[in-house]
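This report refers to the structure that appears directly beneath it.
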Protein chains: 2
Amino acid sequence: MDLFYQHGIHAIGINEVLKSSGIAKKTLYNHFESKEALVLATLEQRHHLFISWLSHCLENAQTNEQLAEQLFSALDQWINNKVAVLGDFRGCYFINTAAEFGELTNPINQLCQRHKLAVKAILKQALNDADDAAVERLFLLSEGIISTAYTCHDTDVAKRALKN
Amino acid sequence: MDLFYQHGIHAIGINEVLKSSGIAKKTLYNHFESKEALVLATLEQRHHLFISWLSHCLENAQTNEQLAEQLFSALDQWINNKVAVLGDFRGCYFINTAAEFGELTNPINQLCQRHKLAVKAILKQALNDADDAAVERLFLLSEGIISTAYTCHDTDVAKRALKN
DNA sequence: CGCAAGGTAGACAAGTTGGTCTACTTTTTG
DNA sequence: CAAAAAGTAGACCAACTTGTCTACCTTGCG
């Protein structure tokens with residue numbers, strides 16, 4: 001997971017995965033029928049990790065403003081490597097991976113899409129399905145923050161969003 | 001350019017570039033000393049293309065609201081393949097490329113960052129450097145829109161943003 | 001025209017890729 | 001304990017990677 005997240009899928013060969021995990025090639029191909037299957041498993045794992053972290057961060061928000069505050073401050077924690085389960089921040093694993101696998105028919109791409117829809121659903125639920133436009137704005141802002149933090153190496157962007 | 005944008009850098013080998021461009025390998029390496037140099041050239045080219053398209057789209061905006069309207073409607077055009085110079089929409093070339101080349105020391109990554117800063121500068125300028133917080137929000141929203149349109153295959157996201 | 005510059009096609013090198021397979025060892029389990 | 005299951009190390013394969021080089025051909029220009 002960490003290797004793929006830190007360097008991208010194409011940049012990491014199976015042999016590097018083996019070396020870093022200390023596992024034999026045969027064993028790996030015993031558990032996963034291909035590199036794609038392995039990648040899908042890492043996506044699935046991170047999906048669950050991320051969703052449960054995010055849900056926890058957004059618990060008990062009462063108002064739009066409160067939700068925004070909790071969301072942005074969670075992102076700030078992540079961006080500044082304060083969230084152990086998410087590892088060293090290197091943008092969104094799903095955005096990054098979708099960038100490498102763009103074909104709509106590719107299961108990898110589809111999983112990335114599903115992840116994003118799940119994130120949006122969590123925001124919606126945190127607002128009791130109240131305000132669709134607010135959910136949308138919050139989602140777009142959070143995507144923008146994650147993307148900007150990564151490509152601009154801007155570690156303060158979430159903090160600034162908190163203030164505005 | 002198109003090949004790299006549509007499929008990602010690692011997914012496209014030099015030989016595919018040659019085949020698709022009808023150029024001999026020697027010739028290519030006569031003009032570019034490496035694949036990285038070629039990639040940098042495509043980034044540079046698209047950077048200029050994109051910046052000049054965007055500047056044009058944002059001309060003569062008087063208010064925050066007007067600027068937002070012009071920005072979102074420009075994005076909508078791009079996302080729905082109405083902007084010939086930008087080619088078939090496949091997200092932001094710079095976000096996608098940064099996802100593949102994450103090391104801060106890599107010139108490719110640095111170019112991606114510079115592009116984003118230039119985009120932000122254009123927004124700032126379009127508002128006559130007036131309202132920093134508004135520029136920031138607009139930038140984040142636009143990054144979110146581009147990213148969402150791509151990873152969620154959501155071609156209406158810019159249109160919805162226009163309405164809110 | 002004649003020649004230099006720069007094009008073409010593609011063989012080739014050295015290394016990497018994902019994936020299979022053999023031969024052997026360790027662990028689990030009835 | 002014995003047998004089966006699952007692990008290990010790594011050779012091997014075919015295909016592909018970037019990049020170099022040779023040999024030939026086409027241009028543009030003095």
Side-chain angles (χ1 to χ4, degrees), chain A residues 1-47 87 90-91 93-112 115, chain B residues 1-47 90-91 93-112:
Chain A
M1 230 289 295
D2 219 52
L3 273 181
F4 286 140
Y5 175 48
Q6 290 301 320
H7 302 94
I9 314 297
H10 282 125
I12 294 296
I14 284 291
N15 295 307
E16 270 174 276
V17 174
L18 299 176
K19 206 174 60 176
S20 136
S21 68
I23 249 173
K25 204 177 244 194
K26 185 95 191 266
T27 308
L28 186 147
Y29 278 97
N30 235 17
H31 290 274
F32 303 94
E33 71 160 2
S34 66
K35 185 188 182 182
E36 177 174 310
L38 178 62
V39 170
L40 283 170
T42 66
L43 286 165
E44 207 92 55
Q45 192 201 38
R46 184 154 180 110
H47 171 66
R90 215 204 142 234
Y93 187 37
F94 303 88
I95 291 179
N96 293 350
T97 303
E100 290 197 70
F101 299 87
E103 315 95 338
L104 300 194
T105 57
N106 190 319
I108 291 180
N109 186 286
Q110 291 166 2
L111 212 54
C112 295
H115 169 77
Chain B
M1 231 290 296
D2 219 53
L3 273 181
F4 286 140
Y5 175 49
Q6 290 301 320
H7 302 95
I9 314 296
H10 283 125
I12 295 296
I14 284 292
N15 294 309
E16 269 174 277
V17 173
L18 298 175
K19 206 175 62 177
S20 138
S21 68
I23 247 173
K25 203 176 248 193
K26 185 94 191 268
T27 308
L28 187 146
Y29 278 98
N30 236 17
H31 290 275
F32 304 94
E33 70 160 1
S34 65
K35 186 187 181 182
E36 176 174 310
L38 177 62
V39 170
L40 283 170
T42 66
L43 286 166
E44 207 93 54
Q45 192 201 39
R46 184 152 180 111
H47 170 67
R90 215 206 142 233
Y93 186 37
F94 302 89
I95 291 178
N96 293 349
T97 303
E100 290 197 70
F101 300 87
E103 315 95 338
L104 301 195
T105 58
N106 191 320
I108 291 180
N109 185 286
Q110 290 165 3
L111 212 55
C112 296

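Here is the naming used below: chain letters follow the sequence lines, and residue numbers restart at 1 for every chain.
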Nucleotide nearest B/Thr27 when distance is taken to its side chain, options C/dG7, D/dC21, D/dA9 = C/dG7
Whole angstrom value for the distance that separates P of D/dT17 from CG of B/Leu38 = 15 Å
Test item: B/Tyr93 side-chain N/O and B/Cys112 main-chain N/O as donor-acceptor pair under 3.5 Å = no
Distance test, side-chain N/O of B/Lys35 to OP1/OP2 of D/dT18, below 4.0 Å = yes
key: Whole angstrom value for the distance that separates C1' of C/dG19 from CG of A/Leu18   = 11 Å
request  = Using ring pair (Phe, Tyr, Trp, His ring centres under 6.0 Å) as the criterion, list what pairs up with B/Phe101, not counting sequence neighbours.
outcome  = B/His10
key: Residue met sooner reading DNA chain D from 5', once A/Leu28 and B/Ile9 are mapped to nucleotides   = A/Leu28
ask   = Over its full length, what angle do the end axes of the helix from C/dC1-D/dG30 to C/dG30-D/dC1 make, each axis taken from five pairs and the result rounded to 10 degrees?
value = 10°
ask   = Whole-Å distance between C/dA5 C1' and B/Asn30 CG?
value = 10 Å
inquiry  = Check the phosphate of D/dC16 against B/Asn15, side-chain N and O only, distance under 4.0 Å to OP1 or OP2. Yes or no?
reply    = no
task = Please work out if A/Ile12 contacts a base, only the sugar-phosphate, or nothing of the nucleic acid, heavy-atom cut-off 4.0 Å.
result = sugar-phosphate
query = Mapping A/Glu36 and B/Ile23 to their closest nucleotides on DNA chain C, which lands nearer the 5' end?
reply = B/Ile23
note = A/His10 NE2 to D/dT17 P, in whole Å, measures 11 Å
query = Can you tell which of C/dA9, D/dT8, C/dG18 lies closest to the side chain of A/Ile14?
reply = C/dG18
ask   = Would you say the side chain of B/Lys25 and the base of D/dG19 hold a donor-acceptor pair, judged only by whether the two atoms sit under 3.5 Å apart?
value = yes
request  = Return the value, rounded to whole Å, for the distance between atom CD of B/Glu33 and atom P of D/dT18.
outcome  = 15 Å
ask   = How about B/Ile14 and B/Tyr29: do any of their side-chain heavy atoms sit closer than 4.5 Å?
value = yes
task = Check for a donor-acceptor pair, side chain of B/His7 on one end and backbone N or O of B/Leu3 on the other, with a separation under 3.5 Å.
result = yes
task = Using modelled atom types only, decide if a donor and an acceptor are shared between the side chain of B/Glu100 and the backbone of B/Gly8 within a distance under 3.5 Å.
result = no
key: Closest listed nucleotide, where the reference is the side chain of A/Tyr29 and the choices are C/dG18, C/dG6, C/dT17   = C/dG18
key: Donor-acceptor under 3.5 Å (A/Thr97 side chain, A/Phe94 main chain)   = no
Listed nucleotide nearest any side-chain atom of B/Lys26, set D/dT18, D/dT17, D/dC21 = D/dC21
request  = Output yes when a side-chain donor or acceptor of B/Arg46 lies under 3.5 Å from a complementary backbone atom of B/Asp2, and no otherwise.
outcome  = no
ask   = Between A/His31 and D/dG7, is there a side-chain N or O to OP1/OP2 distance below 4.0 Å?
value = yes
